[in-house]
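Working notes, beginning with the structure itself.
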Amino acid sequence: MADPIRWARYRWQRLISTEGRECSSNNSSSKCYQSPKTTGKHRIVIPCLGHFKEEYEKVSKLYMNNKIRTTRYTLLNFLPRNLYEQFHRVANLYFLFLVVLNWVPVVEAFQKEITMLPLIGVLTIIAVKDGLEDYSRYKMDKQINNLVTKVYSRKEKKYIDECWKNVSVGDFVRLSRNEIIPADMVLLYSSDPDGICYIETAGLDGETNLKQRQVVRGYSEQVSEIDPEEFSSRIECESPSNDLSRFRGFVEHSNMDRVGLSKENLLLRGCTVRNTEAVVGIVVYAGHETKAMLNNSGPHYKRSKLERKVNTDILWCVLLLLLMCLTGAIGHGIWLSRYSETPFFNIPGPDGKLSPPALAGFYMFWTMIILLQVLIPVSLYVSIEIVKLGQIYLIQNDIDFYHEKTDSTIQCRALNIAEDLGQIQYIFSDKTGTLTENKMVFRRCTIAGQEYCHEENAKRLEAYQEMDSEDEDPADCQCGSSTPTSKCQGHNNRAVCEPLNRKPLNQLSGSYSAFKRQDEAGDIPHSGHMAFSSPIETDVVPDKQLLEKFSQISYQQSEETSSKLSLETMYITDFFLALAICNTVVVSGPNQPRQKVRRLSSLSRMPIKSLEEIRQMFQRFSVRRLSSSPLPSVKESSSVSPNSFVRKLSIFRMKLASSNLDGAAQRVSEPQNTDSPEDSQVPGELHLVNVAAGGEPSHAVSSVELSPIPKPCYEAESPDEAALVHAARAYKCVLQSRTPDRVTVDFAGLGSLTFQLLHILPFDSLRKRMSVVVRHPVSNKVIVYTKGADSVMMDLLRTASEGIYRTCNSLLEKIKERTQQHLDDYARRGLRTLCIAKKVMSDAEYAEWLNHRFVAETSIDNREDLLLESAMRLETKLTLLGATGIEDRLQEGVPDTIQALRKAGIKIWMLTGDKRETAVNIAYACKLLEPEDRIFTLKSQSRDACALVMSKILEGIQKNASIKEKNSEKLGNVSASPSAQARGFNAGLVIDGRTLEHVLHDSLQNIFLELTEECRAVVCCQATPLQKSVLVKLVRSKLKAMTLAVGDGANDVSMIQVADTGVGISGQEGMQAVMASDFAISQFRHLRKLLLVHGHWCYTRLTNMVLYFFYKNVTYVNLLFWYQFFCGFSGTSMTDYWILILFNLLFTSVPPIIYGVLDKDVSAEILMELPQLYTTSQKSVAYLPSAFWITLLDAFYQSLVCFFVPYFTYCGSDIDIFSFGNPINTSALFIMLFHLLIECKSVTWIHAVVIVGSILFYFVFSLAVGATCKTHNPRSDFYWIMEQHMTDPVFYLVCLLTTCIALLPRYLIRVLQGTLFPSPVLRAKYLVRLSPEEQRKAIKRWKDECNVNDRVELQPTSVPSSSAAGAVLEEETTDSALPASKTPFQSCSRDGLVKNTSFLPDIHDSLGVQVA
Amino acid sequence: MENKTSFLPREGEAQPSRCPDNSAFKQQRLPAWKPQLTIASVLSCFFLTGAFCLTVGVCLVLSANSVREIQIDYSDKCSDCSKLRENSSNWNKECHCSVNFTLKEDILGDVFMYYGLENFYQNHRRYVMSRSDAQLLGRNVNIQRSKCAPFSTYRNGTPMAPCGAIANSMFNDTIDLFYNRNSSVIQVPLLKTGNSWWTDKNVKFRNPESYNLSSAFAGTARPPYWQKPVYLLDEEDERNNGYVNDDFIVWMRVSAFATFRNLYRRVRRVRHFTQGLPAGNYTFRIAYNFPVTRFKGRKHVILSTVVWSGGRNPFLGIAYLVSGTAATLTGFVITGIHLKLRKKKTYFQKQ
């Protein structure tokens, strides 16, 4: 759908959404329609067929049918309901109150009808919008409700077409491929022989990878399609809930057998059936009770900090109003009591009686409230909303947020907290996918304690980067080179059109042009839809050494006796099997996108080798395992006799001839072919391997028909999985297909192996690992493959004390030790590590475990816990196979952004689930930590120790700080840059998950926060989603800081929701984070502009506008108030009611709105260049309490001038009320508009048009009222006043003088401010005037100045501080291990990180840091 | 939301790019005038304002000074009458008094005669509303539903014409001006029409349509404080009678302040008075009807000329002069500051 529509919807929803109305939009209707009769926890679903008829009538009719109604109103209830909803708004109630008050005769101030005008106006506008919006929803509903699907009809005994709305619970629905699922149903039949159905949930959560759903156990065996007539079971499941990831229930067959149901059996409404010819399901939830509908909550409502502040100021206004009304009341009473007799002008009431002064004063109080109502401006609320919409509109249209690769731009999901972006003090960032690209590239692995460096692969990655830089120029020309200022072209062009900007940092992200190439090549189908499948990720060049070892399997098979099958080989085999199997990757063929690869070939492809042979081989493995062989060295496996090679080839020839094996598989036969990687990595091209390059060319080429057979496409839920599967494929351990109960792996020389898949224990953040339980086709043993974070995995390994394997204990220990070393090394390089382990189970063990598992699966109530427990039970006593290191590349521009944000005074915390070393290194890479920072690592086992360490660290830091202070005093304002030795240190804090638990305890929170406040950066590793959100909450509540959480995955959702502003990165991991966020961006670097520019703008604009509104209203109301002193506090207004009421509504409302939307104090370029400017908005400089009061003061002054200049001019003359009021009103208009002009930082033609238009409109309206309204209200005296005045020079002179005097002080202050005390923002404003050259110089100077300040402030002395630091350091080393923080990048020259960091942009040379 | 997302045409690859327009408005790059407070603009602003204000101020002061005005408070001079009026039962007893004054020099030009009231809160909210414009337009309206109450009808149901408190409290003193010239007393000819706004006289106030006025107002009664019905306000001039009586119209235009003056008569420039009022002794003869003691008020009679800038009030001129001076002085101060700062060479004040 086009953006404008969504935009409009948001806008409307926002406009109508009121405080406290959670029941917004669709959600409300679904809630309200929940059937009251569906009591109890469970629902029973019975098909509407045959013998169940009666029960069906009884039960199923209670559930909702599939008709949805997302409209809020019907034709009949529109008016009452809309009004009811609108009056939830306090402001509307206030005005309703005023209207009602005006109907009380004794206090009536205006004509009754007129008071209603603003209220009615606002109500009508919003009602019309509501109506239109609702109508479009109605149309959409109708369209959806009338979609057609096939439903089983009892009468006709077949599936007939039915509208969606007629589907009800218990119906059988039959869907074909690519059809959309009309309701939540339990899958009973799939045409897939394995009982699988693939669905795509893009409509639900935006994830485009296919998900598998499974036919309910017991039905999958059926060969023919399920016959609804035969279906005699009942389904019991939980009541509707909005939890997409949970579905619990069971099917009870007629013989009382129960089969558990899980979310794997549930097809969700709104998803699309893919790759499956036909499915049949029984509807369990329909209509509003479906999970999709229950999940439909519209844009959420957050209240911004500014808004809260505005509300307090409005309370001040209320107080002021009450004060003024009280003055009026008392004044009126006193005034009345001065007369002993009734004067003419005090008219008795209609009954002829006069009220006593006290009572009259009381009445007057209310009259005054009506008269001075404008002080609480209805227009302010409406204007704020409109301004915010305008701001959001502009943010959404900012071309800099456009990300070409994903064709996505910023999404603003919360419409009312744009100005919060300008006040952020803390950023909590996820690491993976947020700071990094979440493009997982397999880098290294260690198997059985032997590391494989994968240098060729590193070369390949480097090649990508080089190609990037070559590609740059042509890439530029791709998008809109016609407009030279187009920023759509990405970062490259920006360097051209914005010379001041930082240098392009393309090199940071190799994938940039990798993507380009992929698009250009075009023969990778649906690249946009395929998750995690850019060539940079998929093509892994195998490590030579490892490949050799790997290929031994085949040789040794043929020469059984001569070469020994090492334990290592077995490890390697298992390792790659685990990589290929232990995941949830779905395989689909590339030519038929999203078509599952059929297993058609699995039988025909059976290699020559008999199963018997393979079994023998594996048995040999298991024998050898016990006879512990020493770790083989590289040399051992390197020599391969040519003879065996030839023979091997011949075997392969035969194999290939008989089957259409993946062409790539041939490569395994040529381990010597070292040149081929260069060829094979051309992206998008298929791996046609030139066999001729190897030793025996002729045979191979001639014998094999090299028809290019496409490699399978993998669709993984997480990029790590995809990377691992691709890595396994590089070693010819190709995952061929996956069905719920079988996994087929094409295993190098061994051919296809089909594993019976017994269980998948999916990944969860609690266990931090996943496992698969398979039955090995050869050994027929139950094997558990587990992969997970090393922190948890290492504890689950088989320990030395366990009996039988004593012989190999030392070996295992050694492997474990060496693997741990490698893991640490990987982490230090910033790689993501995963441990791979395996466990062989005996059948008895398995059977025992299975029992538990079964209980857990079928229980409804406590299922999660039980499942977890059973998983824990399984994942013990594992054998460590090895570990992988996956690189997650930094996103483009991340270090820059982080530096800029930090200069803007924002504290950045990194919260990640990764292990410490990885996290710390990424933190270094993205400049979150600087090499000269002192890193404190909190890693304590107990709370007390933790407290102790924290206080010690704190002490040290504070000592350091105090020394700094002293020193800076000493240094004074010496601008000479202090030498490097003179620096103190900046502290960085690293905490791991376990310590975090202690730290978050109530007793330690305060000291922890105190500590973090002293630290420059905080890195929390191994943090669970819950801990993340608790941290955010802590900072938010305890430090009262404005927090922003940015993340991309489901594990960041809670943090995003808790933070003041949640930013989701629409990256690779689905849409959950985006759905939960307030703003969704596609790249982390966009945060820079979002905060520094738009945050600043939105904040300053809105504050200025709000202040202006207060000023405007107070000024205007005071005019009326001053007049009360001259009319006996009787509540007379000297202005015509119409003009009085419309003054705020029509004449002076548009200019401030334009001002609020478009004003630009400093240009975007300068804001980006000088992040320091952000602090002004961050510290609310523009809207301090003093600003409010100064504004009020100015308002008082101006109203005094505006009232008393005409007063003294006309006093004593024969002026009538309205002739007196007219110049006041007119000059008030001029004063307000020119005041706005003074405050405006940039005036565009829109401003000009609006201001001139407002003035013209005012005059035209006044003239029209003056000319026509002879009897329009009891006081018709406005008749002809304006006309009269237009011919009177005194009128003009009065207006002129009033305007001048009223605005003089503010103008003078602005002048003096600009000259004498220019604020940073003002100074930045001056920059704009300079020529580009001068500007550049000025900015440079400014930055230098900031840096000098920085230095003086932060890094003074050497000796005392280092001693203080030393104390801390000791502490630190005793309690924790300090990672090699100084030299994080030096180890591997091929590492992309080195490139990244050495590519420091010039402008960041502030501290003279160069990481070489 | 589901409506939006679930039916996104996934297959339709021809979706337009979501790249926002690169228009100046959407990218917030509209050409803008940035009001820079440069020294040139600031100084020119202040000095020009100052010069302008001073000029206007001088003109205004001069013209206000050319106004001749005489104001006579007659509330004390007619104390007998005022005491009589204190008792409202004497409302129909006539009471006259005379006030003498001397013009030391001629008042040249058009001379306007005002009556002034002090402390009369004609701008009281309920008082201001107490009228029926529809009735004054000559329409036959049900004034009971208007805001006139309690001055809408008598107890017997007879409507008041005109209704409402404003009309009821109309200033009803009659003031005549006599010129004592060489012991002969000449009545100064005064115009009683043309004192109100043309639009009021011709549009806003209409008598009910009828063959004569008394029949037009048949069935109505005069307001309680009035001595004569509305159709007898000016028996001499049919066009100045009834609702369209100038005195009535002027009174109905409620004044802005408690102390105010209303135009009562204009000196008709004939015979001795073609140049205005010559110097000499004059006498106001006043039929004292309007009681002011009830509201501690005072009554004046004022003779004044009028210039383009209004009456004799010098405030506007003085205000212009003051603000003009202030602006000029500020201009000088700013110049001083600027000169001082320029030596200091601060960052960006290049101008």
Side-chain angles (χ1 to χ4, degrees), chain A residues 1 140 203 270 292 296 298 339 341 343-345 347-348 350 352 394 397 399 402 407-409 483 486 488 1126-1128 1130-1132 1134 1160 1205 1208-1209 1211-1217 1220 1242-1244 1270-1271 1274-1277 1279-1280 1289-1290 1293 1297 1300-1301 1308 1310-1311 1314-1315 1323 1326 1329, chain B residues 1-6 10 17-20 22 26-28 30 32-37 42 49 121-130 133-134 137 147 149-150 165 169 199 204 253-257 259-263 294-295 308-311 315-316 319-320 323 330 337 341 347-348:
Chain A
M1 289 298 141
M140 196 60 100
N296 254 336
Y339 299 102
E341 277 179 272
F344 292 128
F345 40 82
I347 318 163
L394 287 176
N397 273 299
I399 212 157
Y402 180 68
D407 186 31
S408 60
T409 183
T483 49
S486 162
C488 202
F1126 301 93
C1127 69
S1130 61
T1132 317
M1134 66 290 193
K1160 218 163 84 169
V1205 168
F1208 285 119
T1209 308
C1211 93
S1213 73
D1214 60 343
I1215 193 92
D1216 63 287
I1217 294 186
F1220 170 64
S1242 68
V1243 183
T1244 64
K1270 285 185 281 188
T1271 60
R1275 298 188 310 168
S1276 66
D1277 294 7
Y1279 185 69
W1280 217 249
V1290 177
L1293 288 177
L1297 182 70
C1300 277
I1301 298 181
L1308 187 64
R1310 288 278 173 250
V1311 166
T1315 324
R1323 282 171 55 189
Y1326 278 104
R1329 267 189 304 165
Chain B
M1 283 301 103
E2 184 218 31
N3 308 352
K4 290 284 168 202
T5 49
S6 61
R10 262 194 47 85
S17 159
R18 292 207 199 102
C19 184
N22 195 4
K26 285 187 176 174
Q27 300 313 317
Q28 310 194 42
L30 282 179
W33 168 60
K34 297 194 172 58
Q36 297 283 357
L37 300 174
V42 167
T49 311
Y121 283 85
Q122 224 189 356
N123 54 12
H124 188 284
R125 175 174 55 95
R126 307 239 316 270
Y127 179 88
V128 166
M129 288 194 287
S130 184
D133 283 306
L137 268 170
K147 302 271 173 181
S169 62
T199 45
K204 270 193 74 178
R253 183 166 283 276
V254 288
S255 72
F257 308 113
T259 299
F260 64 93
R261 57 175 72 166
N262 272 346
L263 186 57
R294 282 171 83 172
F295 53 90
W308 63 274
S309 60
F315 172 80
L316 198 58
Y320 262 104
S323 45
T330 319
I337 291 174
L341 275 187
Y347 272 96
F348 305 111

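All of these numbers come straight from a predicted model, not from anything done at the bench.
Looking at A:S1213, only its backbone comes within 4.5 Å of chain B, counting heavy atoms on both sides. When heavy atoms are compared at a cutoff of 4.5 Å, A:I1301 approaches chain B solely by way of its side chain, counted from C-beta outward. Only the backbone of B:T259 comes within less than 4.5 Å of a heavy atom of chain A; no side-chain atom from C-beta onward does. Proximity to chain A is limited to the side chain of B:Q27, based on heavy atoms less than 4.5 angstrom apart.
Here the CG atom belonging to B:N22 is positioned 10.5 Å from the CG atom belonging to A:N397, to the nearest 0.5 angstrom. Note that the CG atom of B:L30 and the NZ atom of A:K1160 stand 8.0 Å from one another [nearest 0.5 Å]. If you take CD on B:Q28 and OG1 on A:T1244, they are separated by 10.5 Å, rounding to the nearest 0.5 Å. Atom OG1 in A:T1209 sits 4.5 Å away from atom CG in B:L316 (nearest 0.5 Å).
Across A:L1293 and B:W308, no two heavy atoms sit closer than the pair CD1-CZ3, 3.8 Å. Between B:T49 and A:C1300 the shortest heavy-atom distance is CG2-SG, 4.1 Å. In terms of heavy atoms, A:G1212 sits closest to B:R261 at O-NE, 3.0 Å. Across all non-hydrogen atoms, the minimal contact from B:Y121 to A:G1128 is CE2-N, 3.4 Å. In terms of heavy-atom proximity, B:N123 sits nearest to A:I1217 at CB-CD1, 3.7 Å.
Between A:F1208 and B:F315, the two ring planes are tilted [angle within 30° to 60°].
Using a 4.5 Å cut-off on side-chain heavy atoms (C-beta onward), B:C19 and A:T409 make no contact. Considering only heavy atoms from C-beta on, B:P150 comes within 4.5 Å of A:I347 through its side chain. In this structure the side chain of A:F345 never reaches within 4.5 angstrom of the side chain of B:V128, judged on heavy atoms. The closest side-chain heavy-atom distance from A:D1216 to B:F260 is not below 4.5 Å.
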